[in-house]
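Everything below concerns the one structure shown next.
Atoms considered below: every heavy atom in the structure, side chains included; atoms not considered: hydrogens, waters and symmetry mates.
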Amino acid sequence: MRPLQRRYWHSISARAAAIILGDAVSAALALVIALALRTDGERAGTYLQAFPAALPLFVAVSVGAFAIFRLHRRLWRFSSVTDLVAIIAAATLAVSGFVLLLATIGKLGWMPRSIPVLLWLVLVTLMGGVRVVRRAAADYLGGIVRPPRPLGAVAGHSRRVLVAGSGDQVERVLRYIERERGTLLDPVGILDHVEARASLRVRGVPILGAIGELARVVQALEATERRPDCLLFAGDPGQLHNGPLVSMVAAAHTLGLEIAYLPGVTEYDPAHRRKIDLRFVDAADLLGRPQVELDAQLVGEALRGRSVLVTGAGGTIGRELVRQIAAFAPRKLILLDASEINLYEADLEMRENHAGVPRVAVLCSIRQRAQLMQVFAEHRPDLVFHAAALKHVPIVEEHPAAAVQTNVLGTRNVADAALRYGATAMVQVSTDKAVNPVGFMGVTKRLGELYCQALDLEGRDRPRAPRFMTVRFGNVLGSSGSLIPLFQRQLKKGGPLTVTHPEITRFFMTVHEAVQLVLHSAARGMTDQETRGRIFVLDMGEPVRVMDIARRMIRLSGLRPGVDVDIEVVGLRPGEKLYEELFDTREKRSPSPLKGVFEAASHIMPKPMLQRVFRQLAEAAEQGDDAACRTIAVALLTKEAEPQPLPSLPQVAHVAQRELLAHSF
């Protein structure tokens, strides 16, 4: 035998001998302890003196039983449930064999009848306990077990992670993190698929909520100075590309969290100590296009130290604007919203997460022109981000007067206030539905674009004139009232999932990316006078078929489309387009210095013409005349670049609406 092989077998033999000796001692102690427990420790010695051979006999039988189950060939350091099962089986065989041996030699009456049960319990406890202590000691000395840190403690250079996934998946990931100290990952909490498990723990890490509660959990951790840097997904990373987990991915991007996974962790074998690298999920994987790279320094120079007002601050886009703006240390942040509860929640979030940023919460509708002017007169914002709008296509289609008051006249009010009280710039959030609109929501948003373009061009010859910019993009993933939350709600009810048309497509983006685009557009527009009158448009890649999303979500739930859950085609809703566009046919598209962003030089209408029509719209909206509002707005979009006489309000109200719409589209 070679020297290396000899040393190996010697080490194996020594380890086996040590384990056998330890198990023999455990067996001897188990018999003594069982007798002591039965007799309160007073007569244990008496029993052993009465039959001195009992102790060596039980040790011999036990060692034989342990050898049958090969306990000496198991690594104590990696003890598991299978080892415990083997110990129980070996202990059962040892006690049973001892009882049979006593019966054979006529000594069964030597011990009380309860001794075998006590002996079995003590033997299992001793042998299992010794192995647990051995594993814990090895893990501690090897640096695997880390003593718990108090909440709020800083983990050196480690990365705080919030682990998401099912129980078994999460347990494997946490076990890997414990053993591989070099990962420098610090689990601060768990998001579980089952809501009822909240407040429980897995390997000492608390379950803080369900996967759908990511935003709430992150806020709670931030309040205790334990905000995660990363969302660590414990399952198959392919699931992140579709289905209900898309909302989690979108929410993570909104909260500024990186999304990562550990490839192959499900096959992790602690005996081999194979290193697994942390990999990150790019938004490009979700959106099918490169993530837009923005110039944080440029945005910071535009926002830092300025007074900033955000309309619609409690909505999906508005609240994300507030979050990102607060990170650039503005001098003051004015949150304006017409919804009391939305304004309260947005203000509460700022108080909890950005207490050092001076802020004012203002309950005011952009329809209230006089009150809005007072707000601007009091706070004198340098920058205005206009996100307030009515956006739900079918509802707006049924309420044209309300849409005119908010999307058209409200935008005019904000722009006029910004102009009157010396704002440096105003940025309007628009939509792809404003391009070649077929629905009234798109019509009203396009009129808002036209007004801001007209004001922006007015200052072309005045370098210090305020900027009025428009940012146009498509659907926001996971926002209230959007596609994926609707499908999730329908799936919970067992279906069917409703799709308006088999071929309907939509552009998608995360709210985080959309707001970055808005902020960067503002910063760029403030430093480049050549972009006056242009609209910033994101290159959103290829549109996605809604039918495909519905099928993926059903499959991800473990069901079969058309078999377990139906997909019902319900027909296009009023004002809904089959496909969306990012550019009007008359708009000239040009590249922007920012990769992935285009600038649209579109058809411009003179400000006097717009003001005259807006006065007509205001009169019709005040009277609640939905037909007149629709007809006036549509008629305006049919006009050419040169102003033409528009009919008076009484005349317009009597024009056949259907005829005008036919000529328009």
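Contact detail for Leu637 and Pro437: the closest heavy-atom pair is CD1-CG, 4.0 Å. Summarising the geometry of Ala313 relative to Val322, their closest heavy-atom pair is CB-CG2, 4.0 Å, with the distance given to 0.1 Å. Among all heavy-atom pairs drawn from Lys445 and Ala389, the shortest one is NZ-CB, 3.7 Å. A pairwise comparison of heavy atoms in Glu568 and Pro496 identifies OE1-CG, 3.4 Å as the closest pair. Closest approach of Pro330 and Pro358 over heavy atoms only: O-CD, 4.3 Å. In terms of heavy atoms, Leu383 sits closest to Ala302 at CD1-O, 3.5 Å.
In this structure, Thr444 contributes its side chain and Met441 its backbone to a donor-acceptor pair below 3.5 Å. Remark: the backbone N or O of Ile317 is not paired with any side-chain donor or acceptor of Glu320 at under 3.5 angstrom. Although no hydrogens or angles enter the test, the distance criterion places no donor-acceptor pair under 3.5 Å between the side chain of His354 and the main chain of Met350. Side-chain atoms of Asp337 never come within 3.5 Å of backbone atoms of Asn342 as a donor-acceptor pair (strictly under, hydrogens ignored).
Remark: Arg331 engages Asp382 in a salt bridge (charged side-chain N to carboxylate O under 4.0 Å, His left out) (not counting sequence neighbours). Partners of Asp456 according to the salt bridge (charged side-chain N to carboxylate O under 4.0 Å, His left out) rule, which considers only residues two or more places apart in sequence or in another chain, are Arg467, Arg532. Shown here are the side-chain hydrogen bond (donor to acceptor under 3.5 Å, both in side chains) partners of Arg412, two or more places apart in sequence or in another chain: there are none. Not counting sequence neighbours, the partners of Arg216 by the side-chain hydrogen bond (donor to acceptor under 3.5 Å, both in side chains) test are Glu213. Residues satisfying the salt bridge (charged side-chain N to carboxylate O under 4.0 Å, His left out) criterion with Arg306, sequence neighbours excluded, are absent altogether. In this structure, the side-chain hydrogen bond (donor to acceptor under 3.5 Å, both in side chains) partners of His379, at least two apart in sequence or on a different chain, are Lys332.
Within the 4.5 Å cutoff, side-chain heavy atoms of Val435 are placed close to those of Arg472. Under the 4.5 Å side-chain criterion, counting only non-hydrogen atoms from C-beta, Val299 is in contact with Leu303. Residues Tyr451 and Gln428 fail the side-chain proximity criterion, which asks for heavy atoms closer than 4.5 Å. Counting only heavy atoms from C-beta outward, the side chains of Val360 and Leu335 never approach each other to under 4.5 Å. At a threshold of 4.5 Å between non-hydrogen side-chain atoms, the residues Arg367 and Leu409 do not count as touching. Using a 4.5 Å heavy-atom threshold, the side chains of Ile395 and Leu390 count as separate. Put simply, the side chain of Val310 does not reach to within 4.5 Å of the side chain of Arg319, judged on heavy atoms. Phe385 is not listed as a side-chain neighbour of Thr311, based on a closest heavy-atom distance of 4.5 Å or more.
Paired with Met426 under the rule side chain to side chain contact (heavy atoms under 4.5 Å, CB included), one option of Leu419, Val384, Leu455 passes, and it is Val384. For the pairing with Val471, the side chain to side chain contact (heavy atoms under 4.5 Å, CB included) check across Val427, Leu519, Val515, Val429 returns one residue only, Val427. Partner of His386 under the side chain to side chain contact (heavy atoms under 4.5 Å, CB included) criterion, chosen from Asn413, Ile366, Leu309: Ile366.
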*Would Arg420 and Asp416 count as a salt bridge (charged side-chain N to carboxylate O under 4.0 Å, His left out) if you check the C-alpha gap in whole Å, the side-chain angles of each, and the deciding distance to 0.1 Å?*
CA-CA 6 Å; Arg420 179 182 300 180; Asp416 289 350; over 6 Å; no

*Does the pair Ile334 and Arg359 meet the rule for a side chain to side chain contact (heavy atoms under 4.5 Å, CB included), with working shown?*
CA-CA 6 Å; Ile334 303 107; Arg359 72 188 185 284; over 6 Å; no

_From CA spacing to verdict: side chain to side chain contact (heavy atoms under 4.5 Å, CB included), Phe614, Leu617_ = CA-CA 5 Å; Phe614 282 15; Leu617 284 171; 4.1 Å; yes

*Check the pair Leu214, Val218 against side chain to side chain contact (heavy atoms under 4.5 Å, CB included), reporting the backbone distance first and the verdict last.*
CA-CA 6 Å; Leu214 176 61; Val218 170; 3.8 Å; yes

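By the neighbour-count criterion of 12 heavy atoms within 6.0 Å, atom CD of Glu622 is sparsely surrounded, having that number or fewer from other residues, nucleotides or ligands.
How far CD of Glu398 is from NE2 of His392: 9.5 Å, rounded to the nearest 0.5 Å. Taken to the nearest 0.5 Å, the CG atom of Leu447 stands 9.5 Å off from the OG1 atom of Thr411. Taken from CD in Glu458 to CZ in Phe468, the straight-line distance is 8.5 Å, to the nearest 0.5 Å. Atom CE of residue Met469 and atom OG of residue Ser430 lie 14.0 Å apart, to the nearest 0.5 angstrom. Taking SG of Cys629 as the reference point, atom CD of Gln616 lies at 11.0 Å (rounded to 0.5 Å). Taken from CZ in Phe328 to CD in Glu301, the straight-line distance is 10.5 Å, to the nearest 0.5 Å.
If you check the side chains of Arg380 and Ser307, you find no donor sitting under 3.5 Å from an acceptor. In this structure, a donor-acceptor pair under 3.5 Å is absent between the side chains of Thr470 and Glu449.
Geometrically, Arg630 engages Phe440 in a cation-pi contact, judged by NZ or CZ lying under 6.0 Å from the ring centre and within 45° of the ring axis.
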